[in-house]
Amino acid sequence: SKCPPGIKAIIGGRPESLASQGYQGVMAPPNNSKHLVEWHLSTMSPDQIAAYLKHPQEAKAVDPAAYQAFLDATPGLIQLVSTPFLLKIFVSAFPTLQQQQQQ
């Protein structure tokens with residue numbers, strides 16, 4: 001569907017954070033929820049994450065095996081980085097995380 005003219009916003013969040021009813025009224029213009037357009041991104045599979053880690057877009061490339069080893073060694077992290085946005089943040093922060101882990 002096409003976005004209506006006027007103010008546009010992209011709001012990211014985990015689906016469980018929007019589980020309560022009534023969030024549409026907060027996100028849409030007053031008395032005009034028909035202008036609210038929602039898209040939901042699917043989470044990435046472990047294979048998709050591994051493929052991204054082989055060719056990250058970030059300038060500081062790291063050995064893909066190092067990313068995977070860190071993900072495997074950190075319980076729950078793979079679920080956290082299963083969205084493209086959070087995976088990109090992880091890849092950007094990884095050199096710092098790796099350095100801190102080595103100290």
Nearest-0.5 Å distance that lies between atom OG1 in Thr74 and atom CG in Leu80: 10.5 Å
Set of side-chain contact (heavy atoms from CB on, under 4.5 Å) partners for Ser45, sequence neighbours left out: Asp47, Gln48
Checking Phe90 now: which residues fulfil ring-ring contact (aromatic ring centres under 6.0 Å, His included) with it, not counting sequence neighbours? Phe94
At their closest point, which heavy atom of Leu87 faces which heavy atom of Val81, and how far apart are they? CB-O, 3.4 Å
About how many Å separate NZ of Lys54 and CD1 of Ile49, when rounded to the nearest 0.5 Å? 13.0 Å
How would you list, by chain and number, every residue that makes a side-chain hydrogen bond (donor to acceptor under 3.5 Å, both in side chains) with Asp72, sequence neighbours excluded? Gln68
Report the distance from atom CD1 of Ile78 to atom CE of Met44, rounding to the nearest 0.5 Å. 9.5 Å
Output for pair (Leu86 CG, Leu77 CG), nearest 0.5 Å, gives 10.0 Å
